[in-house]
Each structure stands twice: as C-alpha cells, then as structure tokens.
Amino acid sequence: MVANETGHSGQKTPPSGGRRLGVLISGRGSNLQAIIDAVTDGRLDAAIVVVISNRAGAGGVDRARAAGIETVVLEHGAFGSREDYDAALVAELRRREVSLVCLAGFMRLLSPSFVQAFPNRVLNIHPSLLPAFPGLHGQDQAWRHGVKVAGASVHIVTPELDAGPIVSQATVAVEDSDTSDSLAAKILVEEHRIYPEAIGVVLAGRWRIDGRRFLRI
Ligand code: GRF
C-alpha cells in the first residue's frame with residue numbers, strides 16, 4: 001500500500017538547495033522527533049520534506065503528521081522484491097528532491113542500488129559503539145557482553161550492514177546496576193543528541209572520506 005498525506009501545521013517552507021531531509025522510519029520515531037525538534041528550535045538548518053515508513057502503524061508517522069510533515073507509508077509486503085521496494089523508495093525521495101536520507105529506526109536492509117542512488121548521502125543512527133555490536137538490539141548485545149562503556153554511532157550507510165564511515169559517536173558508562181533496558185534508555189539520550197548534530201555536520205559539507213575515515217576539513 002502506498003499512502004500519502006500532507007500535514008498542515010508547523011514547518012517553514014523547505015529550502016531548495018541541499019538541506020532537504022528525507023527520514024525513513026519503522027517504529028516509534030523518537031530519533032525522528034529529535035530531528036524535528038532540532039529543526040524547529042533552529043539548531044539544525046534543514047527541512048524534513050518527507051517521512052517514509054514501511055509500517056502503517058509506526059508511531060513516528062503520527063509524530064511527523066503532528067509536525068506538519070508529509071508522510072508516505074510504503075509497505076514492503078506490497079512489493080515483489082527488495083529491489084522493487086527500494087526503487088519505489090528512491091522514486092519517492094527523488095520526487096521531493098531529498099538531498100540527505102536519514103535512517104531513524106528503519107528496520108530494513110537497503111540494497112546496493114539504493115545506496116548508490118544517494119552516494120555518501122544516507123546516514124544511520126545505531127545504538128552501539130561500532131564496529132562493536134552491529135545488527136539488531138545493539139544495546140542488549142553490549143549489556144550481555146558485559147562491556148563497561150557503551151554508546152551510539154552515526155555513520156554513513158554503505159551496502160554492508162552498520163559498517164560505513166563513522167561521522168560521530170557518544171559513550172555512556174555501564175553501571176553494575178544497569179539492566180538492558182536502563183542501558184538502552186541512557187544510549188537513547190545520546191542518540192537524540194548526536195544525530196541532529198551529525199546531520200548538521202554532513203549538511204555543512206566541510207568533510208571528506210579517506211578510506212573508512214570521515215574527516216572534517
Ligand atoms: C534506535 O535505538 C536507533 O538507534 C535504532 O533503532 C532505534 C529507533 O528508535 N536504529 P526510534 O524509532 O528512533 O525511537
């Protein structure tokens with residue numbers, strides 16, 4: 001199913017240049033909310049021109065609508081293959097001239113053709129200190145492993161899962177009293193802080209990639 005909805009409140013007119021964000025979500029959308037708040041507060045000079053969810057019931061869709069952001073629900077079950085689904089995603093993003101794609105709890109692998117459509121222009125937030133604990137439930141993996149320091153990473157998306165150049169990281173101390181859930185909550189606070197900041201850094205454009213390294217210039 002493909003559904004479009006345009007909200008009516010809030011956001012300022014989207015800029016035309018390279019500051020048009022497309023945010024991809026699957027769930028509650030707290031990182032999306034952090035980005036919305038940063039744009040609204042003027043901490044992030046950008047506009048979210050579309051939020052795309054692969055799940056109709058995602059809480060983040062409601063957050064986007066409440067902020068007056070256009071939403072698209074693109075359910076993957078309606079497509080025959082990953083390539084077809086990703087081509088539809090690319091078309092929705094290109095139609096809105098999105099300059100930077102931000103994955104915010106988007107629970108799907110993206111094909112190489114999607115990544116190639118936005119070279120070095122897809123970011124992801126991951127709840128671990130990469131390259132440790134890629135994949136699902138990074139916080140729980142870290143807690144079970146018994147690490148003393150955990151954290152969050154923002155990275156550029158490449159075809160390999162959670163493996164692209166790291167833009168930004170933040171650490172949290174793991175206390176003996178922490179549970180998997182309390183650790184995840186501490187990490188989430190840092191996610192909300194570093195993701196909008198990292199988006200601003202990438203949009204500002206004074207960086208280059210050297211091998212695996214993201215370097216400010
Ligand atoms: C976050 O922990 C993020 O790091 C991971 O998925 C979760 C999404 O949470 N990729 P939310 O939907 O942003 O609240």
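Just so you know, these numbers use all the heavy atoms, side chains as well, and skip hydrogens, waters and symmetry mates. Order of appearance sets the numbers: ligands from 1, and atoms from 1 within every ligand. All figures in this text were calculated on a predicted structure; none of them were measured in a lab.
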**Item:** Option from L109, V101, V157 for which side-chain contact (heavy atoms from CB on, under 4.5 Å) with F114 holds
**Value:** V101
**Request:** Heavy atoms only: give me the nearest P165-T158 pair and the separation to one decimal.
**Result:** CD-CG2, 4.0 Å
**Prompt:** Rounded to the nearest 0.5 Å, how far does CD1 of I25 lie from CG of L103?
**Reply:** 11.5 Å
**Closest approach of any protein heavy atom to atom 10 (N) of ligand 1, naming residue and atom** = I125 O, 3.0 Å
**Prompt:** Counting heavy atoms only, which of H137, H126, E191 is nearest atom 3 (C) of ligand 1?
**Reply:** E191
**Message:** Looking at ligand 1, is there an atom of it that comes within less than 4.0 Å of some heavy atom belonging to G29?
**Reply:** yes
**Parallel, tilted or perpendicular: ring planes of Y85 versus F79, cut at 30 and 60 degrees** = perpendicular
**Message:** Within the 4.0 Å heavy-atom shell around Q139, which atoms of ligand 1 are there?
**Reply:** 2 (O)
**Message:** Below the 3.5 angstrom mark, is there an N/O of L32, backbone or side chain, next to an N/O of ligand 1?
**Reply:** no
**Request:** Determine the minimum heavy-atom distance between I36 and A67, stating which atoms define it.
**Result:** CG2-CB, 3.9 Å
**Item:** Identity and separation of the nearest protein heavy atom to atom 8 (C) of ligand 1
**Value:** G105 CA, 3.6 Å
**Prompt:** Please walk me through it: do I199 and C102 pass side-chain contact (heavy atoms from CB on, under 4.5 Å)?
**Reply:** CA-CA 8 Å; I199 292 167; C102 301; 3.7 Å; yes
**Message:** Using heavy atoms and a 4.0 Å limit, tell me yes or no: is M107 in contact with ligand 1?
**Reply:** no
